[in-house]
There are 2 protein chains.
Amino acid sequence: MKILEVIKALSNQTRLDILTWLKEPFDYFPAKELIDYKASLGVCVSDIAKKAKMSIPTVSVYLKNMSAANLLIATRKDQWTYYKRNEKAIQQLAQLISKKL
Amino acid sequence: MKILEVIKALSNQTRLDILTWLKEPFDYFPAKELIDYKASLGVCVSDIAKKAKMSIPTVSVYLKNMSAANLLIATRKDQWTYYKRNEKAIQQLAQLISKKL
DNA sequence: TAGGTATTTAGGTAAATACCTAAATTTGTG
DNA sequence: CACAAATTTAGGTATTTACCTAAATACCTA
């Protein structure tokens, strides 16, 4: 785990928010958008962009960065890319801060 | 704890290094500089700047930021400002990432 | 293959961050 | 008080980040 890369991926309010939203999607996204929601996949880019009230390209890049930092897991299915949290990596980061930093 | 502020204070390699150095000062600073070292105070700005191989003003500002984010505790004594880690805040951050993020 | 939806990539501007040097400030001391 | 040491504040340039819009790509379905 490259801690600086992970921390940089977290150093933006929108990206922090996205992590929070993905923790409990039903609390944050319209039910309508989650009709076919599967925890194994997560939420698609455009739904996240809408929630963030930001452009799709911007959010697409954010998600990609967080995924590169291993904080999110991306799954491409048909024309959608779904993102979910990588809980393991998040706990690993917490451990690292607690023990090693 | 303002998580974004804390994370931003961590999002730079030098600042991460400083936290590591202050964890075990005797492992990282010359013994000579630590002759009067007290864990209750920490290490002074210029010793940290020398270790970082960066200018004193730059490091002074870094330390101030980290202190504002509560990651470090500053103590002014005579003409020196000493910095030590705020272990409580670091554990609090780890908890926050583990449980709330 | 044509056309539609979702996403990504490119390319641009504005703001923030990373540094530095010089100047100002704080604090101790002869 | 004058001078020295440590630090902070100011002010500047270069790089990175935060966004956007437009264009390109991916993948579906008729």
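From a predicted model like this one, the values you see are computed outputs, not experimental measurements.
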Any side-chain N or O of B:Asn12 under 4.0 Å from OP1/OP2 of C:dA18? yes

Closest to the B:Val45 side chain: C:dA6, D:dA22, D:dT8? D:dT8

Comparing A:Asn65 and A:Asp78 on DNA chain D - which has the more 5′ nearest nucleotide: A:Asn65

Could you state the CD-P distance from A:Gln79 to D:dC27, rounded to the nearest angstrom? 10 Å

Listed nucleotide nearest any side-chain atom of B:Ser60, set C:dT7, D:dT7, C:dT27: D:dT7

Applying a 4.0 Å non-hydrogen cut-off, can you work out what B:Ser46 is touching in the nucleic acid: base, sugar-phosphate, or nothing? sugar-phosphate

Validation row: A:Leu72, A:Leu19 side chains within 4.5 angstrom (heavy atoms): yes

Could you check how far NZ of A:Lys53 sits from C1' of D:dC19, rounded to whole Å? 17 Å

Picking from C:dA22, C:dA10, D:dT7, which would you name as closest to the side chain of B:Thr81? D:dT7

Contact under 4.0 Å: B:Tyr62 side-chain N or O vs C:dT17 OP1/OP2: no

Bracket string, DNA chain D, 5' to 3' - pairs by Watson-Crick or G-U geometry under 3.5 Å, | interstrand: ||||||||||||||||||||||||||||||

Is there a side-chain contact between A:Leu10 and A:Arg15 (heavy atoms, below 4.5 Å)? no

When you measure from the side chain of A:Lys84 to the backbone N and O of A:Ser40, does any donor-acceptor pair fall under 3.5 Å? yes

Would the distance check show the side chain of A:Asn12 and the main-chain N or O of A:Thr14 forming a donor-acceptor pair, the cut-off being under 3.5 Å? yes

Whole-Å gap separating P (C:dA6) and CG (A:Asp47): 9 Å

With respect to the phosphate group of C:dT7, does any side-chain polar atom (N or O) of A:Lys64 fall under 4.0 Å of OP1 or OP2? no

Rounded to whole angstroms, how far apart are NZ on A:Lys77 and C1' on C:dT5? 16 Å

Select from B:Arg15 and A:Ile56 the residue whose nearest nucleotide in DNA chain C is closer to the 5' end of that strand. A:Ile56

N/O (side chain, B:Lys8) to phosphate O (OP1/OP2, C:dT17) under 4.0 Å: yes

With a non-hydrogen cut-off below 4.0 angstrom, is B:Ser55 in contact with a base, only sugar-phosphate, or nothing? base

Electrostatic pair A:Lys23:A:Glu87 at N-O distance under 4.0 angstrom: no

Taking the six-membered ring for Trp, is the centroid-to-centroid distance between B:Phe29 and B:Tyr37 below 6.0 Å? no

Would you find a donor on one side and an acceptor on the other, under 3.5 Å apart, between the side chain of B:Gln92 and the backbone of B:Met1? no

Salt bridge (Lys or Arg N to Asp or Glu O under 4.0 Å) assessment of B:Glu33 paired with B:Lys51: CA-CA 11 Å; B:Glu33 286 168 1; B:Lys51 173 70 185 167; over 6 Å; no

Within this structure, what is the CG-to-C1' distance between A:Leu41 and C:dA6, rounded to whole angstrom? 15 Å

Distance in angstrom units between A:Asp36 CG and C:dA6 P, rounded: 13 Å

Examine C:dA6: is either OP1 or OP2 under 4.0 Å from a nitrogen or oxygen in the side chain of A:Arg76? Give yes or no. no

Whole-Å gap separating C1' (C:dA6) and CG (A:Leu63): 13 Å

Atom pair distance, as rounded to whole Å: CH2 in B:Trp80 and P in C:dT25: 22 Å

Hey, does A:Thr58 reach any base, or is it just sugar-phosphate, or nothing, if we go heavy atoms under 4.0 Å? base

